[in-house]
Structure formats: structure tokens, C-alpha cells
Amino acid sequence: MSRALFSRNPDLKRLRDEGYFVQQQGGYLVMREVPYVDSRCEVRVGALISSLTLAGDQTRTPDTHVVHWVGDFPCRADGTPIQGISHAAGAFELGHDLKATHSFSSKPDGGYADYHHKMTSYATIIAGPAAVLKPGATPRTFREPEDEEDSVFNYVETASDRVGIGVVTQRLVNERVAIIGGGGSGGYILDFVAKTPVREIPLRRRRVPDPQRVSRAWRSEPGGTAGGAEEGRLSEAHL
């Protein structure tokens, strides 16, 4: 999905076309290899992380001007912190193997028009001092990530990360959750489980349901199993 996402959205495509090392991880847009100056006036590299707002496979206006940062707090060329972007510090567990150390806030008049505007604005603020100490230091590396994220979904699932439960949701990745019964209770549970990244959801229900419960039954594909029951299965791309 990641490559298609970047090819279908002008703001994301422009980031890669201009050489920024960006990728989608879960419900986040990540810009890696951003050079910055630390408090010892040494040039290092960090990563910017932004929430990603989508409607289907189309980006929307960023839902927040705040970003997360992986690395030490960035400084000016003389080693003084760039306090103008300071927002919060701590250990931010974002899920999808993303762990941030800071969050930054820099809001232009009218907000950010798109993700190209947002990510390049922060990259310019942070990487500028690095170019002073090390000419040629730039976040425009003209490299693309080799591995694309493997997901069971047919779309980029961003809801969990937007409400801050991405870390919890990731615990279900590659799990197999079986549901016995596809009626009122089983169908209700299935509706919730199908929205998680579990790898497989085997279903089992009675072949001949009670007529009074037929309207509540979730329809699975028959597996023709013995014992008066039938099986269905939701596996990869179950949504």
C-alpha cells in the first residue's frame, strides 16, 4: 500500500521526488535521515514523525501542526536549543516500532496546506544549522525505503494511531483469533476484531440457524464441515 499511497497523492509524491527519505508506518508519515546539530555542536541525523490523515487512499489536510522527533533536541549552529519549536519531551511509544523523544510545535498562519508543506517546513528549521557546520548536510538524500509495511488491510488504517491506541493495537499483529458463533454476539465481536490487524479470523457457526436469529447472523462462506456446522474464514485483507 505504501508505494501506491505515495504515487496517488501529489504532496507525498512530491516529497519523494524532491529526495526526502519518507515512508508510511501505520498511521504515521515518517521522514528519516534529517540532519541536525546537538548540544555539543555535532551534526547527527534524526527522524520526523507526523500523524497521517487519510480518506481512503487520499491525503487530507494535516489534522495537527505538531510532529514527533526521534533524536536529541535540535540546536542552532552554536549549540543553543531551537526553543521556538519546543513542545514536549519524553518517551513517546507510538507503535509500529516508532519511539519518539520529543514533540515539536510550529504553526504557520493558516496552518499547513498539505504534508509536503508540513514536513519540509520542520526539516528546514531543524536541518538549517547542520548545513552551516557541515556544508552539504541535507535531508534530501534521494533514497527510498526498500521494505514496504506488510498489512492485512486493503487501506491504511490510521484511526488507532489518531486516538493514541496504536501501541495496544500492534499487540494483535500476526495473531489468530477464532470466533465460535456468528449470530448476535459473534457477529458483534467480529465487527470489532475485523478492525484490528490480526492476521486471521477463523469463524464457526451452526449450519441451520434458528429462524428467529437469522436476521442477526453474519454470513460466512460455507466450508462444508461435518457435525452440522460450517466454517468461514477472514484472513489477509479482511477489511
Side-chain angles (χ1 to χ4, degrees), residues 1-54 57-62 64-77 82 85 92-104 106 112-151 153 155-158 161 166 170 173 197:
M1 173 60 73
S2 182
R3 290 189 184 277
L5 186 68
F6 280 84
S7 66
R8 293 170 182 168
N9 291 279
D11 53 344
L12 302 185
K13 183 176 184 298
R14 186 179 174 192
L15 284 169
R16 283 193 173 174
D17 288 347
E18 292 180 358
Y20 293 98
F21 189 7
V22 289
Q23 62 185 147
Q24 167 254 323
Q25 283 187 240
Y28 297 100
L29 179 64
V30 184
M31 179 183 287
R32 301 191 182 280
E33 300 189 11
V34 179
Y36 71 99
V37 177
D38 66 13
S39 60
R40 297 180 296 277
C41 295
E42 296 178 354
V43 176
R44 303 171 63 185
V45 293
L48 286 165
I49 304 172
S50 170
S51 59
L52 187 59
T53 303
L54 299 171
D57 59 359
Q58 299 296 311
T59 57
R60 291 294 181 260
T61 303
T64 176
H65 62 279
V66 175
V67 296
H68 284 93
W69 171 253
V70 182
D72 290 342
F73 195 91
C75 299
R76 299 183 177 86
I82 307 175
I85 61 173
F92 301 95
E93 296 279 352
L94 304 178
H96 313 284
D97 297 322
L98 296 174
K99 298 180 181 180
T101 50
H102 298 275
S103 62
F104 299 150
S106 178
Y112 292 106
D114 55 31
Y115 285 98
H116 179 275
H117 183 199
K118 180 179 182 179
M119 301 303 278
T120 56
S121 294
Y122 277 104
T124 298
I125 294 171
I126 294 170
V132 174
L133 297 182
K134 186 178 180 180
T138 174
R140 300 172 68 173
T141 62
F142 287 92
R143 291 203 312 113
E144 290 187 17
E146 295 180 0
D147 298 323
E148 299 297 329
E149 186 176 56
D150 180 29
S151 173
F153 296 111
Y155 66 97
V156 179
E157 196 277 301
T158 61
D161 296 315
Q170 283 301 108
V173 171

Nearest heavy-atom pair of [X] and [Y]: which atoms, and what distance?
| X | Y | result |
| --- | --- | --- |
| Met31 | Ala123 | SD-CB, 3.8 Å |
| Pro62 | Lys118 | CB-CD, 4.1 Å |
| Leu94 | Ala100 | CD1-CB, 4.3 Å |
| Val70 | Lys99 | CG2-O, 3.5 Å |
| Val30 | Ala47 | CG1-CB, 4.4 Å |
| Glu18 | Phe142 | O-CZ, 3.5 Å |

[atom1]-[atom2] distance between [X] and [Y], expressed to the nearest 0.5 angstrom:
| X | Y | atom1 | atom2 | answer |
| --- | --- | --- | --- | --- |
| Cys75 | Ile126 | SG | CD1 | 11.0 Å |
| His96 | Tyr28 | NE2 | OH | 6.5 Å |
| Met119 | Asp114 | CE | CG | 11.5 Å |
| Ile82 | Phe104 | CD1 | CZ | 8.0 Å |
| Leu15 | Phe21 | CG | CZ | 13.0 Å |
| Phe6 | Asp11 | CZ | CG | 9.0 Å |

I'd like to know if the side chain of [X] reaches the main chain of [Y], judged simply by a donor and an acceptor atom lying under 3.5 Å from each other, with no hydrogens or angles considered.
| X | Y | answer |
| --- | --- | --- |
| Asp17 | Pro10 | no |
| Gln24 | Gly26 | yes |
| Tyr115 | Thr53 | yes |
| Arg8 | Gln58 | no |

- Message: Under the salt bridge (charged side-chain N to carboxylate O under 4.0 Å, His left out) definition, can you give me all pairs with a residue in residues 27-36, not counting sequence neighbours?
- Response: Glu33-Arg143

- Can you sort out the partners of His116 under ring-ring contact (aromatic ring centres under 6.0 Å, His included), two or more places apart, ordered by chain and number? none

- Note on the structure: Hits for ring-ring contact (aromatic ring centres under 6.0 Å, His included) against Phe92, two or more places apart or cross-chain, chain-then-number order -> His68

- Item | Lys134: side-chain contact (heavy atoms from CB on, under 4.5 Å) partners, not counting sequence neighbours | Val43, Ala137

- Query: Who are the side chain to side chain donor-acceptor pair (under 3.5 Å) partners of Ser106, not counting sequence neighbours?
  - Reply: none

- Partner set under side chain to side chain donor-acceptor pair (under 3.5 Å) for Ser103, not counting sequence neighbours: His87

- Minimum side-chain heavy-atom gap Leu48-Pro139 below 4.5 Å: no

- Message: Are the side chains of Leu52 and Leu5 in contact, using a 4.5 Å heavy-atom criterion?
- Response: yes

- Under 6.0 Å between the ring centres of Trp69 and Tyr122? no

